[in-house]
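Presented below is the structure to which this report refers.
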Amino acid sequence: MGYWPPGLAETGKSLFLTAVLFAGPLYETLVVDGAWPVWLSRQPWERRYGEWTTWRNIVAGPLTEEVLFRSASVPLMLLAQTSVSKTIFLSPLIFGLAHVHHFYEFRVTHPQVPVATGVLRSLVQLSYTTLFGAYVTFLFLRTGSLLAIVVVHAFCNCMGLPRFWGRVEPLPQGGNNRPSVLWTVVYYVLLVAGAVGWWRNLGVLTGSENALVPIHI
């Protein structure tokens with residue numbers, strides 16, 4: 001079920017692999033928005049982690065969801081002799097459906113927004129949460145480490161959905177207050193390069209002796 005051994009090396013490699021995939025968003029956050037000094041100081045972290053929503057999104061959510069949707073369910077599917085492909089792509093659908101309740105939350109907090117917009121938003125969220133679920137299921141099968149997928153889940157919650165369109169501009173309170181087309185060019189280059197680097201290292205950085213099933217890449 002991935003509890004032991006904890007897989008510290010697998011956790012580090014999985015986090016690094018995922019960070020490569022998020023090379024573009026990391027560049028936008030740390031460089032364009034000028035957040036790297038904030039990340040290095042203690043006060044913003046202390047202030048942010050004093051909020052219950054942060055604990056839900058970064059600690060409680062990733063831990064409970066990975067225990068339920070990966071650690072508890074994936075071994076059962078393997079014992080039922082479910083194929084690896086079905087395990088990777090079918091079980092995350094339940095994980096995605098578990099996030100549909102955010103539609104109600106969105107309607108309560110944004111009553112002026114049309115229902116169709118809320119439905120479209122929920123469908124997009126269902127799509128990327130299901131895709132993310134397939135990714136962490138793959139990591140769990142390859143590494144056999146619950147810690148690895150919890151850390152990756154927390155990291156992805158911190159980063160959010162990457163930007164796929166639009167011009168990259170700094171936040172008003174960011175360190176860079178002059179817009180530049182170069183930031184947008186660099187962002188999209190890093191976005192593509194990160195995706196290529198992630199794909200090429202997917203097998204190398206996820207291999208482990210603790211793998212639940214052999215997956216040849």
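Only a predicted model underlies this, so the values are computations on that prediction, with no experimental measurement involved.
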(request) Please lay out, stage by stage, how Cys156 and Phe132 fare under the test side chain to side chain contact (heavy atoms under 4.5 Å, CB included). (result) CA-CA 9 Å; Cys156 290; Phe132 169 77; 3.6 Å; yes

(request) Report the distance from atom NE2 of His153 to atom CZ of Arg70, rounding to the nearest 0.5 Å. (result) 7.5 Å

(message) Counting only heavy atoms from other residues, nucleotides and ligands, does the tally under 6.0 Å from CD of Gln112 exceed 12?
(response) yes

(request) Report the distance from atom CZ of Phe22 to atom CG of Leu15, rounding to the nearest 0.5 Å. (result) 11.0 Å

(message) Do Trp4 and Leu139 sit in one hydrophobic cluster, given that two such residues count as connected whenever their side-chain heavy atoms are within less than 4.5 Å of each other, even indirectly?
(response) no

(request) Check whether Val152 and Leu131 end up in the same hydrophobic cluster, where Ile, Leu, Val, Met, Phe, Trp and Tyr are linked by side-chain heavy atoms less than 4.5 Å apart. (result) no

(request) Report yes or no: does Ser145 contribute a side-chain atom to a donor-acceptor pair with the main-chain N or O of Thr11 at less than 3.5 Å? (result) no

(request) Can you measure from NZ (Lys13) to CG (Asn201) and round to the nearest 0.5 angstrom? (result) 11.0 Å

(request) Report, as yes or no, whether the 6.0 Å neighbourhood of atom CZ on Phe16 holds more than 12 heavy atoms from other residues, nucleotides or ligands. (result) no

(request) Measure the CD1-SG distance between Ile58 and Cys158 for me, rounded to the nearest 0.5 Å. (result) 3.5 Å

(request) Answer whether the closest heavy-atom distance between the side chains of Phe69 and Ser91 falls below 4.5 Å. (result) no

(message) Any side-chain to backbone donor/acceptor pair from Tyr187 onto Arg163? Under 3.5 Å, distance only.
(response) yes

(message) Is any side-chain heavy atom of Val136 closer than 4.5 Å to one of Glu66?
(response) yes

(message) Main chain of Asn57, side chain of Asn157: is a donor-acceptor contact present, judged purely on distance under 3.5 Å?
(response) yes

(message) Determine whether a donor-acceptor pair (N or O, by modelled atom type, separation under 3.5 Å) exists between the side chain of Thr18 and the backbone of Ser14.
(response) yes

Donor-acceptor list for residues 193-200 side chains, cut-off 3.5 Å, not counting sequence neighbours:
residue	atom	partner	partner atom	Å
Trp198	NE1	Tyr135	OH	3.4

(request) Have a look at Tyr188 and tell me which of Leu190, Val186, Leu191, Val185 forms a side chain to side chain contact (heavy atoms under 4.5 Å, CB included) with it. (result) Leu191

(request) Is it possible for you to say whether Leu76 and Ile149 belong to one hydrophobic cluster, with membership spreading through side-chain heavy-atom contacts below 4.5 Å? (result) no

(request) Apply side chain to side chain contact (heavy atoms under 4.5 Å, CB included) to Leu78 and Thr87, showing your working. (result) CA-CA 8 Å; Leu78 296 179; Thr87 300; 4.1 Å; yes

(message) Distance check, rounded to the nearest 0.5 Å: Ser85 atom OG versus Leu90 atom CG?
(response) 9.5 Å

What donor-acceptor contacts under 3.5 angstrom involve side-chain atoms of residues 203-216, with partners at least two apart or in another chain?
residue	atom	partner	partner atom	Å
Thr206	OG1	Arg142	NE	3.0
Thr206	OG1	Arg142	NH2	3.3
Thr206	OG1	Leu202	O	2.5
Ser208	OG	Glu10	OE2	2.6
Ser208	OG	Asn210	N	3.0

